[in-house]
2 protein chains.
Amino acid sequence: MHEVAARAGVSIKTVSNVVNGYQYIRPATKERVEAAIADLGYQVNISARNLRRGRTGIIGLAVPELSLPYFAELADSLIRAAEARGLTVLIEQTGAVRERELEVLSGQRRHLTDGLIFSPLALGPQDAAALHVDFPMVLLGERIFGGPADHVTMNNVEAARAATQHLLDLGRRRIAVVGAHEGETMGSAALRVQGYRQALEEAGLAVDPALVGEAGLWHRATGAETMERLLDSGVEIDAVFGLNDALALGALHVLHARRIDVPGQIAVIGFDDIEETAYSSPTLTTVAPGREQIATTAVDLLLARIEEVEPDAPFVQVVTDFEIVVRESTLGEQAVAAPS
Amino acid sequence: MHEVAARAGVSIKTVSNVVNGYQYIRPATKERVEAAIADLGYQVNISARNLRRGRTGIIGLAVPELSLPYFAELADSLIRAAEARGLTVLIEQTGAVRERELEVLSGQRRHLTDGLIFSPLALGPQDAAALHVDFPMVLLGERIFGGPADHVTMNNVEAARAATQHLLDLGRRRIAVVGAHEGETMGSAALRVQGYRQALEEAGLAVDPALVGEAGLWHRATGAETMERLLDSGVEIDAVFGLNDALALGALHVLHARRIDVPGQIAVIGFDDIEETAYSSPTLTTVAPGREQIATTAVDLLLARIEEVEPDAPFVQVVTDFEIVVRESTLGEQAVAAPS
DNA sequence: TTGTAAGCGTTATCAA
DNA sequence: TTGATAACGCTTACAA
């Protein structure tokens, strides 16, 4: 910057002003400075700017793992939303491990970022205190209620109720769940099972515990295992509600391997609307949670906190929309137009 | 840091020494400083350190998009590898758009990072000059040859030859390709088609141009479209080589929709070994490129450049191993043990 | 409209 | 083994 100033015959302050688009600069001066910048190929040193400004323009994104398609697609949307607002995203993977999720809240990386978008999966009620952080943070997902931070979530209960209702409307009565977390009272699993129960009760059906399959991790592999356990138990099943798409796709895999017709014998619905669901065989009916809306809302909320638009605004909870996307796994192959 | 120094009764230099694990500190002094750090909950200011050290501890990762499972899984591995070496990863999405790929090489973000791992998809021979950058960079993929940077790649020709050979070994003779890029002479598409041709020629078979299906983007949707075009053309086909898994899965989707038995009528093989291939119906035979090896190699190469272990070391090209993973889409359902 | 000078929180140099 | 002091490159009062 000194070199640029010398070459343009001005002070470094003026160079700084030009670089930062300060208004009151004589056009001639500005031109000279810009010429000097171009000649020397000067670029501002971001570290120095960060130090002085106390901001980095980077926001952290903490997710379980990018190899889970839902989080990969979410990260994609968040990166785009952040970029549109001049922010860069630093991704941290927690592996859904409690210790790592706690680290995210206190770690060194927080000094590198202006704020954090955090999708916790392992934190429990006992960790509520750790969420009282002194930096801007937006929580994603359903893990925390009344949390001490802005929070973007969807109406899980209602969405799960609608998904179950969709199966009931098709005449299914023996609807199994894949992915329940026994003993949990908060988090996506608990809420979605709650919606499932509600729908059944409203239809005047009892909830058969034998139909509720546990799966700790929500991966394809655990979905497959749970589906096998359910089938092996001999319980009667005419539909499956996978609490996320990965679980549902794992279940679909097992049903295919056992030559069980989907949706003829068993209809399947998932949750998340990851891209893969439009291409599986059969294609998977699922709940679309409005990923873009979640991403832009989260970034906007975080940016408002970072810029202290309203310093003492109370923490908000934004509930996003959802939609049931009907595909072959519940309606059959004739009824749904193939994509592509 | 000043406060810590005051509390411990030492100079800030000593605090700095303790923080950085400098060797020659009297244990008593060290203890006092550490106590003061704990009391005050002090944490070093990374921006200041970056400014002074001229390094940020962040490396950039530029990929087309995270919603493509291959790149999501690659990013996952790279983030883990970087973390194990004390580095943080900043992800940039280029959307496989040439302008954005060029931006990555010159953009402001480069000042935020110590180096770049770059997986270009759109740059062509005319952009070779832009790759002469003055910061540490490691290239991934097959887009550039003799590039002016370290380069991690796999033997695409050989891998594609092996994939085609696998189909030939099964007795298939009318092997279609999905994903070719006409007119291109470098890049994964060209190399993989080359391997395909080699295998056919070695088997004494002619290459039928009608069997080579174009697909610009390597997504499920384009794979589906290309498969439909091939089928509609009426050309005889008994096997399909998807140049990546997304294309192959898109093709699989169309074959399923048209009630064409896989692998009975048409066998299918993909390329990349994304997780989804182990759960599709049928599961997909594919080429596994050794993702972990690619990730750790890339990070190690980059770190060596950043740390200038050997300042003038010539650029290296590391060729990673591959393996054919045989699943139902070529062998049938009886022959392969199901996962889970 | 532009310049001067202070200071952001570290680390590096060199002396003690 | 430790301390004083000078950078690192920028932004920002404040002054001119």
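This structure is a prediction, so every number in the text was calculated from the model and none was measured. Residue numbers begin at 1 in each chain, while the letters A, B, ... track the order of the sequences.
- Donor-acceptor pairing under 3.5 Å is lacking for the side chains of B/Thr320 and B/Gln293.
- Atom CD1 in B/Ile37 sits roughly 16 Å away from atom P in C/dG9 (whole-Å rounding).
- Listed by residue number, the members of residues 40-49 of chain B with any heavy atom below 4.0 angstrom from DNA chain C are B/Tyr42, B/Gln43, B/Val44, B/Asn45, B/Ala48, B/Arg49.
- Under a cutoff of 6.0 Å and an axis angle of 45°, B/Lys13 and B/Tyr22 form a cation-pi pair.
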Show each protein N/O and nucleotides 2-6 of chain C N/O combination with a separation under 3.5 Å, one pair to a line.
{"unit_1": "C/dT2", "atom_1": "OP1", "unit_2": "A/Thr29", "atom_2": "OG1", "d": "2.2"}
{"unit_1": "C/dT2", "atom_1": "OP2", "unit_2": "A/Arg26", "atom_2": "N", "d": "3.0"}
{"unit_1": "C/dG3", "atom_1": "OP2", "unit_2": "A/Ser11", "atom_2": "N", "d": "2.9"}
{"unit_1": "C/dG3", "atom_1": "OP2", "unit_2": "A/Ser11", "atom_2": "OG", "d": "3.2"}
{"unit_1": "C/dG3", "atom_1": "OP2", "unit_2": "A/Thr14", "atom_2": "OG1", "d": "2.4"}

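- In this structure, the separation between OG1 on A/Thr296 and CZ on A/Arg85 is 6.0 Å, given to the nearest 0.5 Å.
- Partners of A/Glu101 by salt bridge (charged side-chain N to carboxylate O under 4.0 Å, His left out), not counting sequence neighbours: none found.
- Among residues two or more places apart in sequence or in another chain, the salt bridge (charged side-chain N to carboxylate O under 4.0 Å, His left out) test is passed with B/Glu83 by A/Arg100, A/Arg109.
- Counting heavy atoms from C-beta outward, A/Phe118 and A/Leu105 have side chains that approach closer than 4.5 Å.
- Between the P atom of D/dA4 and the CE atom of B/Met1 lies a distance of 15 Å, rounded to the nearest Å.
- In this structure, CD of B/Glu31 is placed 16 Å from C1' of D/dT1, rounded to the nearest angstrom.
- Within the helix from C/dT1-D/dA16 to C/dA16-D/dT1, the inter-axis angle between the opening and closing five-pair segments is 30°, rounded to 10°.
- The side chain of B/Ser16 contributes an N or O atom lying less than 4.0 Å from OP1 or OP2 of C/dT11.
- Between A/Arg53 atom CZ and D/dG9 atom P the separation is 17 Å, expressed in whole Å.
- Here the side chains of A/Gln126 and A/Arg98 are in contact, with some heavy-atom distance below 4.5 Å.
- Under the salt bridge (charged side-chain N to carboxylate O under 4.0 Å, His left out) criterion, A/Arg26 pairs with no residue, sequence neighbours left out.
- With contacts defined as side-chain heavy-atom distances shorter than 4.5 Å, the pair B/Ile306/B/Ile59 qualifies.
- What separates CG of B/Leu51 from P of D/dT11 is a distance of 12 Å, to the nearest Å.
- Rounded to an integer number of Å, the gap from NE2 of B/His111 to C1' of D/dC8 is 15 Å.
- A donor atom on one side chain and an acceptor atom on the other are found under 3.5 Å apart for B/Thr56 and B/Asp114.
- Using a 4.0 Å heavy-atom distance criterion, A/Asn50 is classed as making no nucleic acid contact.
- In summary, the side chains of A/Ser67 and B/Glu73 do not present any donor paired with an acceptor at a separation below 3.5 Å, with no hydrogens or angles considered.
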